[in-house]
Protein chains: 2
Amino acid sequence: MAPYDPSAHPPFAVTVDLVVLTVRRHTLCALAVRRGEPPYQGRWALPGGFVRPDEDLMEAACRELAEETGLRAQPPASTAAAGPSGPYGTDGAHLEQLATYGDPKRDPRMRVVSVAYLVLAPDLPAPRAGGDARSARWAPVTDLLRGEEGTDDEQRAPLAFDHALILADGVERARSKIEYSSLATAFCPSEFTVGELRRVYEAVWGVALDPRNFHRKVTGTPGFLVPAGGTTTRQGGRPAQLFRAGGATLLNPPMLRPEV
Amino acid sequence: MAPYDPSAHPPFAVTVDLVVLTVRRHTLCALAVRRGEPPYQGRWALPGGFVRPDEDLMEAACRELAEETGLRAQPPASTAAAGPSGPYGTDGAHLEQLATYGDPKRDPRMRVVSVAYLVLAPDLPAPRAGGDARSARWAPVTDLLRGEEGTDDEQRAPLAFDHALILADGVERARSKIEYSSLATAFCPSEFTVGELRRVYEAVWGVALDPRNFHRKVTGTPGFLVPAGGTTTRQGGRPAQLFRAGGATLLNPPMLRPEV
DNA sequence: GTTTTTATCGTCAGGCAGACGACTATGATC
DNA sequence: GATCATAGTCGTCTGCCTGACGATAAAAAC
């Protein structure tokens, strides 16, 4: 480390940005908020905000998540406040650090370093608009990521700042992580069927999976699913068994993503 | 994002810390430097330093890496200066963002947010002491991580700050990443034998692998290795073919890490 | 020359995934 | 109520890959 010189610290602002993903209507969606002030006024952006002076990064992410979605997110009492080690459950949603973005020009106002967090949530009620009357919406990630083509529809404008890059990184993380972990259950309500879980994989990966092989795989992996007791017919067709997420977090061998 | 208020930015300092890993004498080692000033004066720490006002995070990491190891590391001209997307090759070494640590109490002097980078390097010559005469050394990660037991030997003192946590996260990242990528070749010189590559896996994972099955796996995976033409006998025994890292970056199916 | 060391090729059995057939149990429709 | 459409669940078969391990090859050490 360079010799310590207190005057040597340029003024950095530190923010957290959230990539909040969910699956709605068989589509992978992300939470977007409309910016109320410059720069990028009126454009869609990822939710986020400044980290407070005495707040841990994950604490700040939890706070922003609660403000935007109403998901209760109390920081873990004492465990590893600093590190990214270990995901952190918030009311069934999954939260983990994604990456940090610090291009000197990423914010025209000043030097901002942003720590992005990834949240995987079950299908939530309509997003809360937040106290400051900003509008928020769930948007398919494909729409948010190909906002480049200029179009009259302001819903199609590219995301503010470098948020398209952050979102793309978050989506890629989610896609690869459900391969070798049981994280896909974070997209499901507390009780769900094998078919619902399969539709999560299909939406996140954008592929069709064989229902029979999928069923064999997830029910055959110890600790992945535990029977919840009942059945449901909410998807139509023959009643399906309800399951809860089991204790296992790592899938070994992993769920194989079909080659495109 | 919260309404913009320029007065609302607490003074954050942003640093980069480096987890530089290599394999020496069949052991996974990390680069450690001795701190020359308080806090934690005299203790071992990860190399790192403050990010400069107009410097991208990865640029800062490259600069620190060059200062500490002499590895030439010029930032990519224009590509994705901000994101963590895509590793970045530096003279054969691999550099990628690891995670960001921002516990308000992690540095007693002030609020410091540190972005950690992971570097995988081939066995280098002795580390450069650096212009400011600090000492640096390669230490087995097991020694650095179990420095907790109080002992007279100052080489055994725990790492400064939260660097033990950062190092542990970096080691875990490396362990899991060589499973499904060809990154293990970053620990090797430009030409290497299958046996040398196997010893990298054995050192990083701390297990013994079957030489025959390993040979079949790596030579049978298209794009992983390309013959370099010659043979060498530097490891003793029968001469072994020399290989170079192939273009493939992802291993599919992955190299399986034996269950403990 | 014999031993030691490392590299490399083969063989074999078991596990798992992909492809797909068959059957079951509901609601919707005629 | 019969039929159809929709989902869910159980099996079968084949091929690929892995782990275990035998066997051979080519050098250095003794």
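Chain naming here is simple, since letters A, B, ... match the order of the sequence lines and numbering starts at 1 in each.
- Side chain of Thr22(B) to main chain of Asp123(B): a donor-acceptor pair is present (N/O by atom type, distance under 3.5 Å, no hydrogens or angles).
- Within 4.0 Å of Arg199(A), counting heavy atoms only, lie sugar-phosphate atoms of the nucleic acid but no base atom.
- Taking CG of Leu120(B) as the reference point, atom NZ of Lys177(B) lies at 8.5 Å (rounded to 0.5 Å).
- Atom CD of Glu196(A) and atom P of dT6(D) are 18 Å apart (whole Å).
- In this structure, CG of Leu197(B) is placed 16 Å from P of dT6(C), rounded to the nearest angstrom.
- No side-chain donor-acceptor contact under 3.5 Å links Arg257(B) to the backbone of Trp205(B).
- One atom, CG of Asn252(B), and another, P of dC16(C), lie 17 Å apart when rounded to the nearest Å.
- Applying a 4.0 Å cut-off to non-hydrogen atoms, the residues of residues 210-229 of chain B that approach DNA chain D are Asp210(B), Arg212(B), Asn213(B), Arg216(B), Lys217(B), listed by residue number.
- Rounded to whole Å, atom P of dA25(C) lies 13 Å from atom CD of Gln241(A).
- Of the possible donor and acceptor atoms, one in the side chain of Ser182(B) sits under 3.5 Å from a partner among the backbone N and O of Ala248(B).
- Between the OH atom of Tyr117(B) and the CG atom of Leu18(B) there is a distance of 9.5 Å, given to the nearest 0.5 Å.
- Side chains of Leu21(A) and Val119(A) form no contact here, defined as non-hydrogen atoms less than 4.5 Å apart.
- Distance Leu251(B) CG to dT18(D) P: 10 Å, rounded to the nearest Å.
- At a threshold of 4.5 Å between non-hydrogen side-chain atoms, the residues Glu179(B) and Leu251(B) do not count as touching.
- When the nucleotides dG19(D), dT8(C), dT9(D) are ranked by their closest atom to the side chain of Leu256(B), dG19(D) comes out on top.
- In this structure, Phe243(B) atom CZ and dA7(C) atom C1' are separated by 11 Å, rounded to whole Å.
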What does the list of N/O pairs under 3.5 Å between the protein and nucleotides 14-16 of chain D look like, with a distance for each?
none

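- Note on Arg234(A): nothing from the nucleic acid sits closer than 4.0 angstrom, heavy atoms only.
- Among residues two or more places apart in sequence or in another chain, the salt bridge (charged side-chain N to carboxylate O under 4.0 Å, His left out) test is passed with Arg244(B) by Glu191(B).
- Using modelled atom types, no side-chain atom of Arg34(B) and backbone atom of Ala136(B) make a donor-acceptor pair closer than 3.5 Å.
- When the P atom of dA7(C) is taken as reference, atom CZ of Phe192(B) falls 13 Å away, rounded to whole Å.
- Side-chain atoms of Tyr101(B) and Asp169(B) include a donor-acceptor pair closer than 3.5 Å.
- Here CE of Met58(B) is found 7.0 Å from CD of Gln97(B). Values are rounded to the nearest 0.5 Å.
- Direction of the helix axis in the helix from dG1(C)-dC30(D) to dC30(C)-dG1(D) shifts by 0° between the two five-pair termini, rounded to 10°.
- With a 4.5 Å cut-off on side-chain heavy atoms, Tyr180(B) and Asn252(B) do not count as touching.
- Computed from coordinates, the Arg198(A) CZ to dT9(D) P distance equals 10 Å when rounded to whole Å.
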Cut-off 3.5 Å, no hydrogens considered: what does the side-chain donor-acceptor table look like for residues 214-223 of chain B, sequence neighbours left out?
residue	atom	partner	partner atom	Å
Arg216(B)	NH2	Asn213(B)	OD1	3.3
Lys217(B)	NZ	Pro253(B)	O	2.8
Thr219(B)	OG1	His215(B)	O	2.6
Thr221(B)	OG1	Lys217(B)	O	2.8

Please write out the pairs of protein N or O atoms and N or O atoms of nucleotides 25-30 of chain D separated by less than 3.5 Å, giving the distance to one decimal.
residue	atom	partner	partner atom	Å
dA25(D)	O4'	Arg238(B)	NH1	3.3
dA25(D)	N3	Arg238(B)	NH1	3.4

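- Separation of atoms CG (Leu209(A)) and CZ (Arg212(A)) is listed at 12.5 Å; rounding is to 0.5 Å.
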